[in-house]
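Structure first, then comments.
These numbers come from a predicted model, not from an experiment.
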Amino acid sequence: MAAPIENPLRSIYQRQPTLPTTPKANFKVGVDNVIFSVDMTQNRLLVLLVMREREPFLGKWNLPRTLVREPESLEEAAYRILAAKIRVNNLYLEQLYTFGGPGRDPRELTPPSQRYLSVSYFALVRFEEAELISTGGRGIAWYPLDELPELAFDHQEILQYGHRRLRNKLEYSPIAFEVLPELFTLSDVYQLYTTVLGENFSDYSNFRSRLLKLGFLEETGLKASRGAGRPATLYRFVPEAFAPLKDKPLVFI
């Protein structure tokens, strides 16, 4: 007869010291948006920053952020702050991570004691069509990821987390085609990937060959003339053809 299997949690609970009764945390819930864009003309990955006009961190740059209002959902708050900072028709937005460690906001040390919980989102928008919205004297700007100023709060950590998510999303989702024009060349796709992932992720010939074999790009029969080279073929993304590959690592990565 087999010996009974011991519940591993039981021994963990038995080793836990008796904790004193402490007050429950009083949270304010906010949303921080990591808004990325790719400047294809200069091959730069950009992030949108806003300058703070009040303490804490007066005059420092931070990610676009807001506290969640009573009647709205987290996603509605994320879209609200995005719409307050930028006008754009095409974008990709998804929830990123929740940051809620004690001490992430200096105001937690000032009575009445409150903790600040941040549910972060990351977005990718088309740089060419994105129009920044400046209200009053508030500074707002795109910053290249390799030229960032010092950021307020724990926004450097949030930004790094968002950057990792963006890189990972390129491996298994059609996020790149959310921000490319409806018609694009294979060189356009390659340029976006190299800007985000680095030039050494794949050479162009292998990238082109593997991308076309996946079968979710449709040749339009149209050509684009750019510079002195031969006109390049224009393609469009076909969502239905991509569906069988959803959530699978793409082989050209």
Side-chain angles (χ1 to χ4, degrees), residues 28-68 77-88 91-110 115-170 175 179 191-199:
K28 281 192 173 183
V29 180
V31 165
D32 294 320
N33 281 356
V34 189
I35 305 173
F36 291 112
S37 189
V38 178
D39 181 357
M40 302 285 281
T41 61
Q42 300 190 46
N43 296 332
R44 300 186 304 172
L45 179 61
L46 309 172
V47 65
L48 188 64
L49 299 179
V50 178
M51 182 175 286
R52 288 190 58 77
E53 292 186 306
R54 62 177 65 89
E55 296 290 356
F57 301 109
L58 175 66
K60 296 289 186 181
W61 292 88
N62 64 188
L63 301 170
R65 64 199 310 262
T66 186
L67 290 175
V68 180
Y79 274 110
R80 173 171 57 80
I81 192 61
L82 195 152
K85 305 301 180 187
I86 189 170
R87 294 188 184 93
V88 64
L91 64 90
Y92 177 89
L93 179 74
E94 77 167 41
Q95 192 173 124
L96 180 61
Y97 193 71
T98 299
F99 295 83
R104 61 179 301 272
D105 192 308
R107 288 170 293 188
E108 295 179 6
L109 303 176
T110 304
R115 295 270 298 279
Y116 284 80
L117 179 74
S118 169
V119 180
S120 58
Y121 284 75
F122 94 95
L124 184 63
V125 303
R126 291 184 184 177
F127 178 72
E128 293 78 11
E129 69 177 29
E131 178 185 353
L132 301 187
I133 301 172
S134 178
T135 55
R138 189 172 302 165
I140 182 170
W142 290 112
Y143 269 88
L145 256 63
D146 57 357
E147 299 177 14
L148 292 175
E150 181 181 354
L151 300 184
F153 305 102
D154 55 353
H155 286 193
Q156 183 66 44
E157 179 184 359
I158 297 176
L159 174 55
Q160 290 173 350
Y161 200 100
H163 187 204
R164 289 195 299 270
R165 175 69 65 85
L166 173 61
R167 291 169 61 91
N168 291 338
K169 290 291 288 188
L170 285 177
I175 184 174
V179 294
Q191 185 179 349
L192 189 150
Y193 271 84
T194 55
T195 300
V196 177
L197 299 177
E199 295 183 357

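Contacts of E55 classified as salt bridge (charged side-chain N to carboxylate O under 4.0 Å, His left out), with partners at least two apart in sequence or in another chain: none. Looking at residues two or more places apart in sequence or on another chain, you find no side chain to side chain donor-acceptor pair (under 3.5 Å) involving Q42. The side chain to side chain donor-acceptor pair (under 3.5 Å) test applied to Y92 returns E94, K169, not counting sequence neighbours. A search for salt bridge (charged side-chain N to carboxylate O under 4.0 Å, His left out) contacts involving R115 returns nothing, not counting sequence neighbours. Y79 pairs by the side chain to side chain contact (heavy atoms under 4.5 Å, CB included) definition with E75, L91, L93, not counting sequence neighbours. Partners of R164 according to the salt bridge (charged side-chain N to carboxylate O under 4.0 Å, His left out) rule, which considers only residues two or more places apart in sequence or in another chain, do not exist here. With sequence neighbours excluded, no residue forms a side chain to side chain donor-acceptor pair (under 3.5 Å) with E128. Residues passing the salt bridge (charged side-chain N to carboxylate O under 4.0 Å, His left out) test with R80, sequence neighbours excluded: E72. Residues satisfying the side chain to side chain contact (heavy atoms under 4.5 Å, CB included) criterion with E129, sequence neighbours excluded, are V88, N89, N90, R126. With sequence neighbours left out, the side chain to side chain contact (heavy atoms under 4.5 Å, CB included) criterion links L166 to F36, L45, F122, L124, I175, V196. For T110, the side chain to side chain donor-acceptor pair (under 3.5 Å) criterion is met by no residue, not counting sequence neighbours.
Using the six-membered ring where Trp is involved, F99 and Y97 have ring planes that are perpendicular, over 60° apart on the 30 and 60° scheme.
The nearest pair of heavy atoms linking I158 to S118 is CD1-OG, 4.3 Å. Of all heavy-atom pairs between V31 and A77, the closest is CG2-CB, 4.0 Å.
Salt bridge absent: D154 and R65 never bring a charged side-chain N and a carboxylate O closer than 4.0 Å.
For the atom pair CG of L197 and OG1 of T195, the computed distance is 9.5 Å after rounding to the nearest 0.5 Å. To the nearest 0.5 Å, atoms CG (L48) and CG (L132) are separated by 5.5 Å. Distance check: L170 CG to Y193 OH gives 5.0 Å after rounding to the nearest 0.5 Å. Between Y161 atom OH and Q156 atom CD the span is 16.0 Å, to the nearest 0.5 Å. In this structure, NZ in K85 is found 9.0 Å from CD1 in I35, a value given to the nearest 0.5 Å. Interatomic distance, T66 OG1 to L82 CG, rounded to the nearest 0.5 Å: 12.0 Å.
Side-chain contact check for F127 versus D39: some heavy-atom pair is nearer than 4.5 Å. Between M40 and L192 the shortest side-chain heavy-atom distance falls below 4.5 Å. Using a 4.5 Å heavy-atom threshold, the side chains of L49 and L151 count as touching.
Residue L96 forms a side chain to side chain contact (heavy atoms under 4.5 Å, CB included) with just one option from V34, V119, N33, and that option is V34. When each of V68, L67, D105 is checked for a side chain to side chain contact (heavy atoms under 4.5 Å, CB included) with K28, only L67 meets the rule.
By the neighbour-count criterion of 12 heavy atoms within 6.0 Å, atom CD of E199 is sparsely surrounded, having that number or fewer from other residues, nucleotides or ligands.
Cation-pi contact between R104 and Y116: absent, since separation from the ring centre below 6.0 Å together with deviation from the ring axis within 45° is not met.
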Requested in this report: Go through I86 and V125 one step at a time and tell me if the side-chain contact (heavy atoms from CB on, under 4.5 Å) criterion holds.
Outcome: CA-CA 10 Å; I86 189 170; V125 303; 4.1 Å; yes

Query raised in the report: Given the rule in the side-chain contact (heavy atoms from CB on, under 4.5 Å) test, do L145 and V47 qualify, once you have shown the distances and angles that lead to the verdict?
Result: CA-CA 7 Å; L145 256 63; V47 65; 3.9 Å; yes

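A donor-acceptor pair shorter than 3.5 Å cannot be found between the side chains of S120 and D32.
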Just distance, no hydrogens or angles: give the donor-acceptor pairs under 3.5 Å from side chains in residues 56-64, sequence neighbours left out.
unit_1	atom_1	unit_2	atom_2	d
K60	NZ	E150	OE1	3.2
N62	OD1	R52	NH1	3.4
N62	ND2	V50	O	2.9

